[in-house]
Amino acid sequence: MKKFLIAAALAGMSVGAEAADLPAKAPYTKAPALAAVYDWTGFYVGVNAGVGVGRDPTRLSIPGLSLEQTNLSPLGAIGGVQAGYNWQTSNWMLGLEADIQASGQHEDSTCLLSCSATTNVRFDRKLEWFGTARARIGYATGPVLTYVTGGFAYGDVKTAITERTPVPVFGGFASPFPVAGTFTNDQIRTGYTFGSGLEAALGGNWTGKIEYLYIDLGSRTGTYSLAGTTHTVDTRYRDNIFRAGLNYRFGSNGTTASLPVANWSGLYIGGNVGSGLGRNRSSFNADIYAEQFDLVPDGFLGGGQIGYNWQSGAWLYGVEADFQGSTQKDNKACITLCSAGLSTSPEQKLPWLGTARGRLGYSIGSTLFYVTGGYAYGEVKTSLREFAGGAAARIDISNTKGGWTAGGGIESPLQFFNWFGPNWTSKTEYLYVDLGRATSNFVAANTPQTFSTAVTEHIFRTGLNYHFNSPVVAKY
């Protein structure tokens, strides 16, 4: 997850220094602008909504039987409120912010230990609420603020483990009536958070933001006993938050009314960098095993995009296509007992993906707020390394899948120490990608087997665009 965190910080900082202390120019304006001042200093309150995705490495140890491990990945909507205070000096902003969130994140599909009718372990994990108290350091270019943020995090994590297992009886045979038990843990965990975001004026005292946070609530080792055997569960609580927010600033002397609407019409090309996090619900069936688990590949991604915009007043209609290389990988899972004599180790990668999307946006001054959606495609590679009865096998599966994507973002003029001209913009955006389910049937160790995976992605990235138009340039 460190890769995701670093790339998210880069996503913030790459647009964070968008202007020098020298007078900057705002591109794509339709008429000369009047003087405009925007001061981020002051108190604000707001609301937010988004989605949270967990990536919780978890191992179940049963002496003499199993060392299975996977990622539990609770997924769900989140929403809450925030309050904070900013101090601005020149272009730099220092702030404090606290938030409290309700969460619908839940995972109850993971089933290990063969997952047969008589032998199975099912996990149920929830994150019902969480909060953070963070510092923010940002760089303001008039009505656009780019920032990194980090600090304290806390949350309520609930875990339930339900196990059914045969009971050994005299003679070495298993009882046809398995013993069952449910073991629960409810803890308020504490840890840290780090992330980045972009906030822009909407008019008057209102601002809107898009933000990514990585949350780490630490690790825990717990035990329980079933059928006279002590079981050990090692887990780590990690969360990824993608959200949009709306803030109201008290006593603000900021204004965007004097800035004319930007001219976004025409062709543009650009590049982008960021991170991707998968949540791929997977299953493996072989002989008595019918296990279900999450593969959660994460890593960097980067690529290029090309698009065209049409504009009517402040409204924008556009099309955009992009192509990405990706380092996303998950090689931590181990199933089918994961013992010395029997194991299956999946490794999954997403080496590339692309999208072709429409964009619908609204320009407030020189800042464009947009939603986007359309077609997505990509390659999913899975390798299964199997070991059984002293024999080893490797099965390589590759699928190129098509699906859909949706998301949103903020785009604004880019002035980086006057290195870029008036035709450059920067953007920060979130995309959800669904490539559907891929199922493969094969034979290994003389046993028919099936592997199935449903590929979904959460992408947070920043990009630079060069626009091939002739804007009227105005000072602000």
Side-chain angles (χ1 to χ4, degrees), residues 1 4-16 18 40 44-54 76-86 93-103 105 127 130-141 143-153 155 192-202 206-216 238-249 272-277 367-372 407-412 426-432 458-463:
M1 199 60 247
F4 201 100
L5 184 59
I6 293 170
L10 291 174
M13 291 307 292
S14 63
V15 294
E18 289 180 351
W40 290 89
Y44 62 90
V45 296
V47 296
N48 68 80
V51 63
V53 188
I78 60 107
V81 296
Q82 68 268 354
Y85 195 94
N86 297 324
M93 186 279 300
L94 176 64
L96 297 174
E97 182 174 289
D99 66 89
I100 186 73
Q101 309 285 135
S103 171
Q105 290 179 248
L127 179 65
F130 66 94
T132 72
R134 295 169 284 108
R136 298 202 307 169
I137 301 176
Y139 197 91
T141 307
V144 179
L145 172 69
T146 308
Y147 61 89
V148 293
T149 183
F152 178 69
Y192 68 90
T193 181
F194 187 87
S196 64
L198 187 146
E199 189 170 355
L202 296 174
W206 294 96
T207 62
K209 69 175 182 178
I210 183 172
E211 182 176 72
Y212 165 76
L213 289 181
Y214 169 75
I215 295 175
D216 192 320
R238 303 188 297 183
D239 210 27
N240 301 273
I241 302 300
F242 308 87
R243 63 187 181 185
L246 182 68
N247 286 330
Y248 182 85
R249 302 175 57 242
N272 66 79
V273 294
S275 278
L277 175 74
T367 303
L368 176 67
F369 298 82
Y370 65 90
V371 293
T372 183
I410 301 174
E411 189 169 355
S412 60
S426 64
K427 67 175 183 177
T428 297
E429 71 181 3
Y430 163 79
L431 289 181
Y432 172 77
H458 300 266
I459 293 170
F460 190 76
R461 64 186 182 183
T462 190

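The residues of the chain are indexed from 1 along the displayed sequence.
Put simply, the side chain of T132 never gets that close to the backbone of R134: no donor and acceptor are under 3.5 Å apart. Checked by atom type and distance alone, the side chain of T193 pairs as donor or acceptor with a backbone atom of Y214 at under 3.5 Å. Side-chain N or O atoms of T462 include one that pairs as donor or acceptor with a backbone N or O of K427 at under 3.5 Å. For the pair T149 (side chain) and A135 (backbone), a donor-acceptor distance under 3.5 Å is present.
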The test is side-chain contact (heavy atoms from CB on, under 4.5 Å); show your working for D216 and Y192 and say whether it passes. CA-CA 6 Å; D216 192 320; Y192 68 90; 3.6 Å; yes

Would Q82 and Y44 satisfy side-chain hydrogen bond (donor to acceptor under 3.5 Å, both in side chains), going step by step from the backbone distance to the final call? CA-CA 8 Å; Q82 68 268 354; Y44 62 90; over 6 Å; no

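Side-chain contact between N240 and H458 is absent, with no heavy-atom pair separated by less than 4.5 Å. Under the 4.5 Å side-chain criterion, counting only non-hydrogen atoms from C-beta, Q101 is not in contact with L127. Using a 4.5 Å cut-off on side-chain heavy atoms (C-beta onward), Y432 and V51 make no contact. Side-chain contact between E211 and N48: absent, with no pair of heavy atoms (C-beta onward) separated by less than 4.5 Å.
Closest approach of L202 and L246 over heavy atoms only: CD1-CD1, 3.3 Å. Nearest heavy atoms, D239 versus G52: OD1-C, 4.3 Å. Across all non-hydrogen atoms, the minimal contact from F369 to A200 is CZ-CB, 3.6 Å. A pairwise comparison of heavy atoms in Y147 and K209 identifies OH-CD, 3.6 Å as the closest pair. A153 approaches I215 most closely through the heavy-atom pair CB-CG2, 3.9 Å. When every heavy atom of A83 is checked against every heavy atom of V45, the shortest pair comes out as CB-CG1, 4.0 Å.
The aromatic rings of Y212 and F242 sit tilted relative to each other, their planes meeting at an angle between 30° and 60°.
In this structure, CG in D99 is found 8.0 Å from CD1 in I78, a value given to the nearest 0.5 Å. Note: L213 CG to F460 CZ = 9.0 Å, rounded to the nearest 0.5 Å. Note that CG of L198 and CD of E411 are 11.0 Å apart. Values are rounded to the nearest 0.5 Å. Taken from CH2 in W40 to CG in N86, the straight-line distance is 7.5 Å, to the nearest 0.5 Å.
The side chain to side chain contact (heavy atoms under 4.5 Å, CB included) test with I410 is passed by exactly one of T367, T428, L368: T367.
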